[in-house]
Asks: 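The structure is given below, and queries will be raised subsequently.
Just so it is clear, the values below take in all heavy atoms, side chains as well, and ignore hydrogens, waters and symmetry mates.
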Amino acid sequence: MKVYTRTGDAGTTSLVGGVRVPKDSARIGPYGTVDELNSYIGVLTAYPKCPPEERALLIFVQNKLFNIGAYLATPGENAETPVSFSDVERLEKSIDEMERMTPPVDQFILPGGCTLSAQAHVARTVARRAERRITAFISAEKASVSPVVMSFINRLSDWFYVFARYNNVISDAQETFWDKIAKTYG
């Protein structure tokens, strides 16, 4: 199988089932952003200091995101929901476990800290963008997307936030808190 097909050269792409749509179709943005998120997760799993338990969860998430991408690329109402509420609960359990290891905060944290945490913050923002793209797709196309898909992506962005904090703690990296006035630095 060749990597290039030349079928997208005119600005269209194929959905699952072969229907061709413009590459700027409201449907393409959501699954393209989910694919981007999946790539960022691949970067996280490549870090040598990524804890093994969290790496395993991230690979589980990558598989689920691949399924979500296929689901979003399938026109019509017949696509099978690619995640379950037990998948959402798995993320919540992991969040709860990591939160037990992090000090409570009552202010905003700037993205950063150790490299793994900084990258987790990037993944968090891409997950939030995926949520916005899916919501826009639902509105623009009057599409039906399973609520559990939205719950999974939303919980995943929460997971990345806590994962970032957790990795700063276990790496002994300093978190930087938002300074609204920001008169000084360094």
Side-chain angles (χ1 to χ4, degrees), residues 29-69 71-72 81-138 145-182 185:
Y31 78 75
T33 305
V34 167
D35 184 38
E36 181 184 357
L37 176 58
N38 213 338
S39 295
Y40 278 111
I41 294 171
V43 172
L44 288 171
T45 64
Y47 279 98
K49 291 188 177 181
C50 185
E53 188 171 321
E54 283 72 27
R55 178 180 282 115
L57 180 64
L58 286 169
I59 292 169
F60 164 81
V61 166
Q62 283 187 295
N63 281 289
K64 292 298 180 175
L65 288 176
F66 208 90
N67 294 343
I68 289 171
Y71 169 80
L72 293 170
T81 303
V83 289
S84 67
F85 283 108
S86 66
D87 297 328
V88 175
E89 290 169 355
R90 184 172 177 183
L91 291 173
E92 290 172 346
K93 181 177 182 248
S94 179
I95 289 169
D96 293 343
E97 290 169 3
M98 289 186 296
E99 274 194 313
R100 283 193 270 286
M101 304 288 290
T102 61
V105 292
D106 60 359
Q107 53 192 319
F108 290 108
I109 298 170
L110 298 180
C114 70
T115 306
L116 185 59
S117 293
Q119 185 63 49
H121 280 294
V122 173
R124 173 185 56 81
T125 63
V126 176
R128 292 285 187 214
R129 182 162 27 95
E131 285 182 278
R132 292 189 301 273
R133 291 278 175 97
I134 294 168
T135 301
F137 165 61
I138 292 168
V145 173
S146 173
V148 71
V149 169
M150 292 298 290
S151 295
F152 185 83
I153 301 289
N154 183 272
R155 209 67 75 251
L156 185 56
S157 63
D158 296 334
W159 188 90
F160 286 123
Y161 172 77
V162 175
F163 182 64
R165 294 209 59 230
Y166 171 75
N167 278 285
N168 280 334
V169 167
I170 65 174
S171 297
D172 203 27
Q174 185 68 39
E175 290 186 309
T176 305
F177 295 99
W178 175 43
D179 177 359
K180 184 177 180 179
I181 299 169
Y185 63 93

Asks: With a 4.5 Å cut-off on side-chain heavy atoms, are Thr135 and Met150 touching?
Replies: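 Yes, close enough: below the 4.5 Å cut-off.
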
Asks: What's the shortest heavy-atom distance between Cys114 and Ala173, and which atoms?
Replies: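 For Cys114 and Ala173, the tightest heavy-atom pair comes out as N-CB, 3.6 Å.
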
Asks: Rounded to the nearest 0.5 Å, what's the gap from OG on Ser117 to CD1 on Ile170? Could you check?
Replies: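 Answer rounded to 0.5 Å: 8.0 Å.
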
Asks: Could you go through the side chain to side chain contact (heavy atoms under 4.5 Å, CB included) check for Asp87 and Arg90 one step at a time?
Replies: CA-CA 5 Å; Asp87 297 328; Arg90 184 172 177 183; 5.5 Å; no

Asks: Counting neighbours of CD on Glu97 that are heavy atoms of other residues, nucleotides or ligands and sit closer than 6.0 Å, is the number greater than 12?
Replies: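 Yes, because the 6.0 Å sphere around CD of Glu97 holds more than 12 heavy atoms from other groups.
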
Asks: Counting distance only, does the side-chain N/O of Ser157 pair as donor-acceptor with the main-chain N or O of Ala127 below 3.5 Å?
Replies: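 Side chain of Ser157 to backbone of Ala127: no pair is present.
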
Asks: Measure the CD-CD distance between Glu92 and Glu99 for me, rounded to the nearest 0.5 Å.
Replies: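 These two atoms lie 11.0 Å from each other.
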
Asks: Is there a donor-acceptor contact under 3.5 Å from the side chain of Asn63 to the main chain of Phe60?
Replies: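 Such a contact is absent between Asn63 side chain and Phe60 backbone.
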
Asks: If we only count heavy atoms from C-beta on, is the Tyr40 to Gln119 side-chain gap below 4.5 Å?
Replies: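 Result yes, sub-4.5 Å side-chain heavy-atom pair found.
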
Asks: Is the closest side-chain heavy-atom distance between Arg165 and Met98 below 4.5 Å?
Replies: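 A side-chain contact is absent here, since even the closest heavy-atom pair is not under 4.5 Å.
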
Asks: Evaluate side chain to side chain contact (heavy atoms under 4.5 Å, CB included) for Leu72 paired with Val145, printing each intermediate quantity in order.
Replies: CA-CA 8 Å; Leu72 293 170; Val145 173; 4.2 Å; yes

Asks: Under the side chain to side chain contact (heavy atoms under 4.5 Å, CB included) rule, what do Trp159 and Leu58 come out as? Steps first, then yes or no, please.
Replies: CA-CA 10 Å; Trp159 188 90; Leu58 286 169; 3.5 Å; yes

Asks: Is it true that a side-chain atom of Tyr71 and a backbone atom of Val149 form a donor plus acceptor pair closer than 3.5 Å?
Replies: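 It does not hold such a pair.
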
Asks: Counting N and O atoms only, with roles assigned by atom type, does the side chain of Thr125 sit under 3.5 Å from a partner on the main chain of Val122, one being a donor and the other an acceptor?
Replies: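 Present.
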
Asks: Distance check, rounded to the nearest 0.5 Å: Glu36 atom CD versus Asn38 atom CG?
Replies: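 If I round to the nearest 0.5 Å, the distance is 11.0 Å.
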
Asks: Testing the basics here: between Ile68 and Phe152, what is the closest heavy-atom pair and its distance to 0.1 Å?
Replies: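 That closest heavy-atom pairing would be CD1-CD2, 3.7 Å.
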
Asks: Are the side chains of Leu65 and Ile153 in touch, meaning some heavy atoms are under 4.5 Å apart?
Replies: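 With C-beta onward as the side chain, the pair touches.
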
Asks: Quick check against the 3.5 Å criterion: does Asp35 have a side-chain atom that pairs as donor or acceptor with the backbone of Tyr31?
Replies: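 No, because the side chain of Asp35 does not come within donor-acceptor range (under 3.5 Å) of the backbone of Tyr31.
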
Asks: Less than 4.5 Å apart, any side-chain heavy atom of Tyr161 and any of His121?
Replies: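 Answer yes - side chains close enough.
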
Asks: For Gln174, I'd like to know if atom CD has over 12 heavy atoms of other residues, nucleotides or ligands within 6.0 Å.
Replies: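 No - once you tally the heavy atoms of other residues, nucleotides and ligands closer than 6.0 Å, there are 12 at most.
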
Asks: Does a sphere of radius 6.0 Å around CG in Asp172 hold more than 12 heavy atoms from other residues, nucleotides or ligands, not counting ones at 6.0 Å or beyond?
Replies: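 12 or below, so no.
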
Asks: With sequence neighbours excluded, what pairs up with Glu131 under the salt bridge (charged side-chain N to carboxylate O under 4.0 Å, His left out) test?
Replies: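 Glu131 satisfies salt bridge (charged side-chain N to carboxylate O under 4.0 Å, His left out) with Arg128 only.
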
Asks: State whether the side chain of Arg124 and the backbone N or O of Val162 hold a donor-acceptor pair below 3.5 Å, judged by distance alone.
Replies: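 Answer holds: no.
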
Asks: Decide yes or no for Phe160 and Ile41: does some side-chain heavy atom of the first lie under 4.5 Å from some side-chain heavy atom of the second?
Replies: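 The answer is yes, as the side chains (C-beta and beyond) meet within the 4.5 Å cut-off.
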
Asks: When you compare the side chain of Ile109 with that of Trp178, does any pair of heavy atoms fall below 4.5 Å?
Replies: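 No. Closest side-chain heavy atoms not under 4.5 Å.
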
Asks: Decide, yes or no, whether a salt bridge links Lys93 with Glu89 under the criterion of side-chain N to carboxylate O below 4.0 Å.
Replies: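 Salt bridge absent between Lys93 and Glu89.
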
Asks: Indicate the atoms forming the closest heavy-atom contact of Arg155 with Ile95, along with that distance.
Replies: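 Closest approach of Arg155 to Ile95, heavy atoms only: O-CD1, 3.8 Å.
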
Asks: Locate the shortest heavy-atom distance separating Gly112 from Asn168; write the atom from each residue and the value.
Replies: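 The pair with the smallest heavy-atom distance is O-ND2, 3.4 Å.
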
Asks: Enumerate, atom names and distances included, each donor-acceptor pair closer than 3.5 Å involving a side-chain atom of residues 43-51, sequence neighbours excluded.
Replies:
{"residue": "Thr45", "atom": "OG1", "partner": "Gly42", "partner atom": "O", "Å": "2.9"}

Asks: Do Leu156 and Leu91 come close enough that some side-chain heavy atom pair is under 4.5 Å?
Replies: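 The answer is yes, as the side chains (C-beta and beyond) meet within the 4.5 Å cut-off.
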
